[in-house]
Q: 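Have a look at the structure that comes next, please.
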Amino acid sequence: MASDLFCTDLVRRFGDHTAVDRVSLDVPAGTFFSILGPSGCGKTTLLRLLAGFDRPDSGEIQIRGARMNDVPPNKRPVNMVFQHLALFPTMSVGDNIGYGLRRKKVPAAERTRKIARVLEQVGLPGLEDRNPQQLSGGQRQRVALARCLVLEPTLLLLDEPLGALDLKLREQMKVELKHLQKAFGTTFVYITHDQSEAMVMSDQVAVMRQGRFDQVAAPETLYRDPATPFVAGFVGDNNRLSGDVISVDGDLARLRLQSGEEVTGRIAGEGIAAGRRADLFIRPESLVMNGAVPDGYSRMQATVTTTLFDGANSRIEAGVADQTIFARLPQDGSVSNLSPDSAIQLGWDPQRATVFAGERV
Amino acid sequence: MDSQPRTILTRTGALAAFLTAAVFSTSTLAEELRLITWGGYAPDDVVAQFEKETGIDVKITLSNNEDMISKLRATGGAGFDLAQPSQDRIIGVQRQFNIYQPIDLGKIDTDQIQPSMLKATEKSTSLNGKQYGVPAVWGTSGLIVNKDVADTVTDYTDLCDDAVAGKVSYRLKRPTLIGFAFALGEDPFAAYDDKDKYQSILAKVEDKLIDCKANVKTYWTGGDQLLALMRTGEVKAAMAWDAGGWKLHGENPDISFVAPKSGALGWIDTFALPRRSENVDAAYKWINFVMQPEIAAKITNQSGNFTASKGADEFVKADLRDAYRQSFDEKALNNIKWYPPVPPGLEAMEGQVLDRVQAAN
Amino acid sequence: MRSSASKLSLCLLMTPFVLWIVLLVLLPHLQMLRVSFHVRESWDTVTLGLEQYQNFFSESYYWRTFVRTGVMSLFTTFLTLVIAFPIAWYIARLARGRAKGFLFLACLIPFWASELVRTYGWMILLRESGLFSTWLQALGLADGPVEMLYNDAAVIIGLVYNGLLFMVVPLVTTLDGMDKNLVEAGYDLGGNHWTVLREIIVPWAMPGVVSGCIVVFMLTLGSYLTPILMGGKDSAWFTEQIFTQFITRFNWEQGAALGVLLLVLSSVIVWLGLRVTGQNLRKVMG
């Protein structure tokens, strides 16, 4: 597959601070690519480099093989959906969408046709004459998308456009964005700090931290096989247990926790050897409890602190020495009688747990 | 430590004194003289001396003929206790707006005033057998000329000579009309009561002024503006007041005030009592005070204009007296054209001429 | 109870404003309107009539000055807008922190001096023996003294200078509230500098543009000192006519009529301006 966006070693510094630090990326045509990271990780700066509002200090940006470094934003085959959408308040919906077409000197009749069609595609037929202020949040979102998609860009950049919506609408728009991307076949580069948005919509996700990519992979790989402790902690809920490595056996490592418990997990990072500090990550849903723990599972004793009921997401909070651990509470009635302070046995398949070298000494 | 209470005491004392003064000044409000006059006619030292000798507070408003009339007209002759209009601007205005009250010569020390001027003013300011003005200060309009062009400019109409093109300024006001009329060989004063004759004279003057317009750098509107124009040499010849010319002569001997061949235009500023004057006694006190030769000389030194006070000349500054003598020999003095009272309706005719001159290209 | 108390306090709060409007604005203008219909028959008899207004139309000097003043004021307003826009843009969008305050102050400083002083300042610069003329000669660009004062261009320079602050302030206020992403979106969707300015920035700034223009136009139309002092021998200004009628000719009736006409002219032009730009007064002044 040909790549629509190809960047090598992009660097952007602001004074002493390196906002984007040797980032390389390769986005295949027609895919949904997300950049996920906490605020301040440099993802917005990266997006602005791609859009052309900012210039990299070094490195190269190529779109469909053409070098873009010195191309101004209005000449790039790239459009952007802004965080607050930036719909032109002095223009109607139709004029907002037609703005870019007029810049391309599309004749009036064809323009009207294209506007009508794109509005239909985003599910807002016949709203050309409305003011953007008269629309709901979700409708404005679609207008902002339509305004870019009507220009048929090679690349569509989206800067956390769902951030301003309420939870329910956000869930709905996530799915819709994914569908629209498939329907238009345009390459999307989407930045967000919300891992759930990234996971749901993306073909590929890049996890960004302090100006660099920690891991670039499909959502499931990120989830199952995080490359760094940061990814393990940032993508999805995860429990972290710190301890000392006591033995290494093939791809498995055995750790002794502060409480004296011994647990096992799969080695995922470098530098794991007996006697070293290490962190074991195990997801709440990978934990099984009490009688349900099969043979061959790593197991440990904990004390229930409290039960958090949230439908399918219900969890228990338990303590192991001074560490806190969350476990998903099955709602099939298999586990009951978990009053606070009661003892509980937790177990997991060692292949489901990941072990990284400890960050702190 | 010690100074603190004393300061407070002093302050209290000052406050008490202030309050007492405030109370006193309210109770002695009647002893106030509100004078509306020309700049320079009431110098600070003269006012201070008067206040000291009589205990009367003098409040001065600076003005000119038109402004004085407008202010008194607006209030029906109230707001001021003493005014100083020119003698030719009293009867017409009085007849039309009734803003003055007759003056009682019995209360004025007429021995201090030059008899000829007293007589002239009596003639020109009497209406229905009552006299409304006594002479105070007199002066002339003529030409202020730089040495470079002194040979060219000896009369008003010489301002239109090609040799001084672009180096000339005068006002677009009635004295200019009168001066040009005399220079054109007419006698406008004699035609004051013959409207048709006056109109024909004005027509001649209008043609001349329109012709002359190309020569004019700008029509000056304020005394300071004219002085600046002459000082910088931007203007070499102008029609203006004698006092301004003498002032410039003091700064730069190359600039002199010249009595034009067809005669300088003489005016006399008077004392007149507004109809609703609230302190007539104080007004008479002021008149008798400033007409004392030594005081009158102070006014002359300040304003550059001579007063109607008898014997004031010997107290006037020597250089001012010299400049005066240089400008006026015996013949020039006898050739001064004194303004007779302006009959009503004349100003409207003149106004139209002035408008047309301004509008002409 | 409570509502009557709040009504009372509202009345008390409104009283000074109402008094001000009625006594100092409404009454004098009504009086002026009345005087403008007076015709003086002799010294002390007056009848009503339209003679003053007839004079205005029959005496070409009046209406020519009137039209001239209107046209020059419009041009001055336009020029002020063109000059003020980049300044306002810079202050609102590009300057940061202390520089912003400083620039705003720099616009304000000339207004600590009176109009007279400001005008004299320009006269010192522009006059034949003034600074600009001296510089031009020193640089060899002119052979002799150059007179830049006493013409219409000088008047317009003075008027633009007087109006600049009143244009910059409303523009800065509106431009300040503009999302910077709007401009970026304008470029992102293919616009160049000119189209972004025309299609996005100017429409956004329109309320500020119109309110600035109204204020500057009114100020210019009603200004007196600057046209008198800086204008040439042909540079008549309508306010000068009104002054002359009231003060030097003692012709209050004619002066009042001219004053009423000036008021009508400014109202009509402001109304037209609002109509043409599709703004309304509430939006522009709010």
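Every chain is numbered from 1, with letters handed out A, B, ... down the list of sequences.
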Q: With rounding to the nearest 0.5 angstrom, report the CD to OG1 distance, B/Gln358 to C/Thr244.
A: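 OG1 of C/Thr244 is found 8.0 Å from CD of B/Gln358.
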Q: Could you tell me if the side chain of C/Glu59 sits less than 4.5 Å from the side chain of B/Asp355, heavy atoms only?
A: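 No, every pair of side-chain atoms sits at 4.5 Å or beyond.
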Q: Please state whether the side chain, the backbone, both or neither of B/Lys213 comes within less than 4.5 Å of a heavy atom of chain C.
A: both
Q: Need one label for C/Tyr62: side chain, backbone, both or neither, based on atoms under 4.5 Å from any heavy atom in chain B.
A: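 For C/Tyr62, the side chain is the part near chain B, not the backbone.
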Q: Looking only at non-hydrogen atoms, find the nearest pair between C/Lys233 and B/Lys217 and report the distance.
A: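 Scanning both residues completely, I find the closest heavy atoms to be CD-O, 4.4 Å.
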Q: Checking B/Ala74 against chain C: side chain, backbone, both or neither under 4.5 Å from a heavy atom?
A: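 Both parts, backbone and side chain.
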Q: Measuring heavy-atom distances to chain C, does B/Arg231 have an atom under 4.5 Å in its side chain, in its backbone, in both, or in neither?
A: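 B/Arg231 has no heavy atom closer than 4.5 Å to chain C.
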Q: Does atom NZ of B/Lys204 have more than 12 heavy-atom neighbours, drawn from other residues, nucleotides or ligands, at distances under 6.0 Å?
A: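 Check passes, neighbour count above 12.
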Q: Name the region of B/Leu172, side chain, backbone, both or neither, that has any atom closer than 4.5 Å to a heavy atom of chain C.
A: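 Answer is neither: B/Leu172 stays 4.5 Å or more from chain C.
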Q: Got a sec: does the CE of C/Met14 have more than 12 other heavy atoms crowding it under 6.0 Å?
A: no
Q: Looking only at heavy atoms and a cut-off of under 4.5 Å, which of C/Phe246, C/Tyr120, C/Trp252 has the most pairs with chain B?
A: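 Going by pairs under 4.5 Å, I would pick C/Trp252.
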Q: Would you say OH of C/Tyr224 has more than 12 non-hydrogen atoms from neighbouring residues, nucleotides or ligands within 6.0 angstrom?
A: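 Buried by this count: over 12 neighbours within 6.0 Å.
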Q: Taking all non-hydrogen atoms of both residues into account, name the closest pair between C/Ile247 and B/Glu66 and its distance.
A: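 Smallest interatomic distance, heavy atoms only, reads O-CB, 3.3 Å.
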Q: Which answer fits C/Gln254, side chain, backbone, both or neither, if we ask what part of it has an atom under 4.5 Å from a heavy atom of chain B?
A: neither
Q: Taking B/Leu229, B/Asp67, B/Val93 one by one, which has the highest count of heavy-atom pairs under 4.5 Å against chain C?
A: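 Winner by heavy-atom pair count: B/Leu229.
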Q: Measuring heavy-atom distances to chain B, does C/Leu229 have an atom under 4.5 Å in its side chain, in its backbone, in both, or in neither?
A: both
Q: Need one label for B/Ala360: side chain, backbone, both or neither, based on atoms under 4.5 Å from any heavy atom in chain C.
A: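 Interface part for B/Ala360: backbone (N, CA, C, O).
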